[in-house]
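Reviewing the structure listed below.
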There are 2 protein chains.
Amino acid sequence: MTKAFEGINEKNQKKLLRMLEANVYHYKKNSNILSTIKNVNMIGIITKGYIQITRSNDNGSRTIIEEVEEEEIFGTFISSLKSKDYEIITKEDTDIIMIDYDLLIQNNFRNCEYYHQFIKNMFEFVTKKIQEKNERIEILTQKSIRNKLLEYFNIMFKKTGSKYIYLPFTFMDLADYLAVDRSAMSRELKNLKEEGFIEIKGKKITLCYDKNSSIYMGL
Amino acid sequence: MTKAFEGINEKNQKKLLRMLEANVYHYKKNSNILSTIKNVNMIGIITKGYIQITRSNDNGSRTIIEEVEEEEIFGTFISSLKSKDYEIITKEDTDIIMIDYDLLIQNNFRNCEYYHQFIKNMFEFVTKKIQEKNERIEILTQKSIRNKLLEYFNIMFKKTGSKYIYLPFTFMDLADYLAVDRSAMSRELKNLKEEGFIEIKGKKITLCYDKNSSIYMGL
DNA sequence: TCTCATTTGTTGCAATTGCAACATTATTTT
DNA sequence: AAAATAATGTTGCAATTGCAACAAATGAGA
């Protein structure tokens, strides 16, 4: 059972999905699925697999808007998916429950206990998304690559409490996430290494500084 | 009646607020109110006035995280307000209803109609916030000042359908929003003017290009 | 209306960054 | 295991940007 249905027993889950006219889709790995859902305000609940939402510029470069893992949700109300620039790609064989957002938010299910529970679950997903986006904004508003990296490290440190950071994605994706040129980021990481602030082994980065360090003065 | 209580009559509104142990605060203009709410997960509903949420760096510069207008909501779940770097400043005499987020999300009010309605209203606020944050991220991920400006203009254009953009804030604040140096932005605006793509009169910017224009090639 | 404070415009300069191109190392596929 | 593909490291160079400093314009308050 996914978190989206927490507090709703299986029987009511089925009732709920019928009520919301939900559809279950099964996609193969590396499918572009946006075309199948484009024209509606929808919520997708990923019950198996995971997806990447990307946006491509006219010059061809592509940016990851977000990755949505198993058990998580996505939708037109979370990312604007309506332009042709967007793609939703399954990175594994993926199952998705699609729900019409407008139907969900309509007022027709007033006395339905599990409906309210579901809304509340959605609410919690959405507040989590907001926090993720806030983090990204805090990083993106930093004016130098160095400070973007340090802000990213800070956030990871606060989350895990550990000075060992395991990148959840490649360095290419990190550059993308920070919205900087990959090679320029690579250069800056090298600087930080040479100045003794960090160590890097594969995707594991070790922070060798603390709050009192001189590196914090600029931030 | 604020949108937060849409679909809830006044009597039930009062019941709801009592149930949620809501407090109403009255602040004078230019008060720093964060200290009064810091330690809880809270939602604030602004019934009168408006506020600015800012974050200051160690070097003293301050960034506007968001402006929250009358009728809108804010809270620890929307912006992380827990660090000392944040400030919430009232820009007018302001009334705020404070609600404990954890209490709101608890499961004790199962059969309460207006409670569910309220959650749903909050849900819609929050999805709107997400979309605002998505917009900002799309802007911030642009790699040049020019492209940030153009992306900003695009978004404003899409919202209003008009080529006349009235800046809702000062150019200083715009630089802040785009996370670029003000003078560098000013320089770039001048370039765009001289190349004939825009006109500027005070806070009114006119777009002199369209989708087919060469200016779009890079974007 | 005058004064003071804030915002906006401008410019030179140094530092940072993006870009392109290529070498090297990992990873995946056959 | 070999070959193909993808990711990472590196560097020079030109373009962009941030920073600082100051002038001009605008707006707010006395």
Side-chain angles (χ1 to χ4, degrees), chain A residues 29-30 52 54 57-64 89 91-92 139-151 166-195 198-205 215 217-219, chain B residues 29-30 52 54 57-64 89 91-92 139-151 166-195 198-205 215 217-219:
Chain A
K29 183 174 173 176
N30 290 325
Q52 263 180 5
T54 62
N57 293 350
D58 285 352
N59 58 29
S61 81
R62 203 181 283 175
T63 307
I64 298 175
I89 307 287
K91 306 302 284 183
E92 304 281 346
I139 290 165
L140 292 174
T141 50
Q142 299 295 324
K143 278 186 191 138
S144 66
I145 294 180
R146 168 171 291 220
N147 281 356
K148 283 180 185 174
L149 285 166
L150 293 177
E151 185 71 43
Y166 293 88
L167 283 191
F169 38 43
T170 67
F171 281 90
M172 285 180 80
D173 291 342
L174 178 59
D176 219 81
Y177 183 72
L178 307 185
V180 298
D181 181 70
R182 184 193 60 78
S183 70
M185 183 189 80
S186 182
R187 178 167 38 201
E188 196 56 43
L189 283 167
K190 195 183 166 198
N191 292 342
L192 286 168
K193 256 194 292 192
E194 284 173 356
E195 293 171 46
I198 61 171
E199 282 165 18
I200 301 181
K201 265 188 191 162
K203 296 203 190 317
K204 179 175 153 189
I205 299 172
I215 204 173
M217 293 304 98
L219 209 76
Chain B
K29 183 175 176 178
N30 291 323
Q52 262 181 7
T54 62
N57 292 351
D58 286 353
N59 59 28
S61 80
R62 203 182 282 174
T63 308
I64 298 174
I89 307 288
K91 306 302 285 183
E92 301 283 347
I139 291 166
L140 292 174
T141 50
Q142 299 295 325
K143 277 185 192 140
S144 66
I145 293 180
R146 168 171 291 220
N147 281 355
K148 284 181 185 173
L149 285 166
L150 293 177
E151 184 71 44
Y166 294 88
L167 285 190
F169 37 44
T170 67
F171 281 91
M172 284 181 81
D173 291 342
L174 177 60
D176 220 82
Y177 182 72
L178 308 184
V180 299
D181 181 71
R182 184 194 59 80
S183 70
M185 183 188 82
S186 181
R187 179 168 35 202
E188 196 57 43
L189 283 168
K190 194 183 166 197
N191 292 342
L192 286 168
K193 258 194 291 191
E194 284 173 355
E195 293 171 47
I198 61 171
E199 280 164 20
I200 301 182
K201 266 189 190 162
K203 298 204 191 314
K204 179 174 154 190
I205 299 172
I215 204 172
M217 294 303 101
L219 208 77

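As a basis for the values below, the full set of heavy atoms in this structure was taken, side chains included, without hydrogen atoms, waters or symmetry mates. Lettering follows sequence order; numbering is per chain, from 1.
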ask   = Taking only residues two or more places apart in sequence or in another chain, which ones pass side-chain contact (heavy atoms from CB on, under 4.5 Å) with B:Glu199?
value =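 Counting only residues at least two positions away or on another chain, B:Glu199 forms a side-chain contact (heavy atoms from CB on, under 4.5 Å) with B:Thr206, B:Cys208.
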message = List the residues meeting side-chain contact (heavy atoms from CB on, under 4.5 Å) with A:Lys143, not counting sequence neighbours, and say none if there are none.
response =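 Checked A:Lys143 against side-chain contact (heavy atoms from CB on, under 4.5 Å); zero matches.
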Could you check how far [atom1] of [X] sits from [atom2] of [N], rounded to whole Å?
X        : N     : atom1 : atom2 : answer
A:Ile205 : D:dT8 : CD1   : C1'   : 13 Å
B:Leu189 : C:dT7 : CG    : P     : 17 Å
A:Leu174 : D:dA6 : CG    : C1'   : 17 Å
B:Met172 : C:dG9 : CE    : P     : 12 Å
A:Phe169 : D:dA7 : CZ    : P     : 14 Å
A:Lys201 : D:dG9 : NZ    : C1'   : 18 Å
A:Asp173 : D:dA6 : CG    : P     : 14 Å

task = Among D:dA7, C:dG9, D:dG9, find the nucleotide with the atom closest to the side chain of A:Thr170.
result =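 Nucleotide nearest to A:Thr170's side chain: D:dA7.
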[X] to [Y] - nearest heavy-atom pair and separation:
X        : Y        : value
A:Lys193 : A:Ile200 : CE-CD1, 4.2 Å
B:Ala179 : A:Thr141 : CB-CA, 3.6 Å
A:Asn147 : A:Gln142 : CB-OE1, 3.6 Å

Tabulate below the donor-acceptor pairs under 3.5 Å that side-chain atoms of residues 184-192 of chain A make, not counting sequence neighbours, or state none.
residue: A:Glu188; atom: OE2; partner: A:Arg146; partner atom: NE; Å: 2.9
residue: A:Glu188; atom: OE2; partner: A:Arg146; partner atom: NH2; Å: 3.4

request  = State, with a plain yes or no, whether a side-chain heavy atom of B:Ile145 is found less than 4.5 Å away from one of B:Leu178.
outcome  =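 No, too far: nothing below the 4.5 Å cut-off.
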query = Is there side-chain contact between A:Thr170 and A:Lys203, with at least one heavy-atom pair below 4.5 Å?
reply =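 In contact.
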ask   = Bend across the helix from C:dT1-D:dA30 to C:dT30-D:dA1, to 10°, with axes taken over 5 pairs at each end?
value =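 That helix has its two terminal axes inclined by roughly 60°.
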remark   = Contact string for nucleotides 14-30 of chain C, one letter per nucleotide 5' to 3', B = base within protein heavy-atom range under 4.0 Å, S = sugar-phosphate only, - = neither, reads ---BBBB----------
request  = Taking side-chain hydrogen bond (donor to acceptor under 3.5 Å, both in side chains) as the test, write out the residues that go with A:Glu92, two or more places apart.
outcome  =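 A:Glu92 satisfies side-chain hydrogen bond (donor to acceptor under 3.5 Å, both in side chains) with no other residue.
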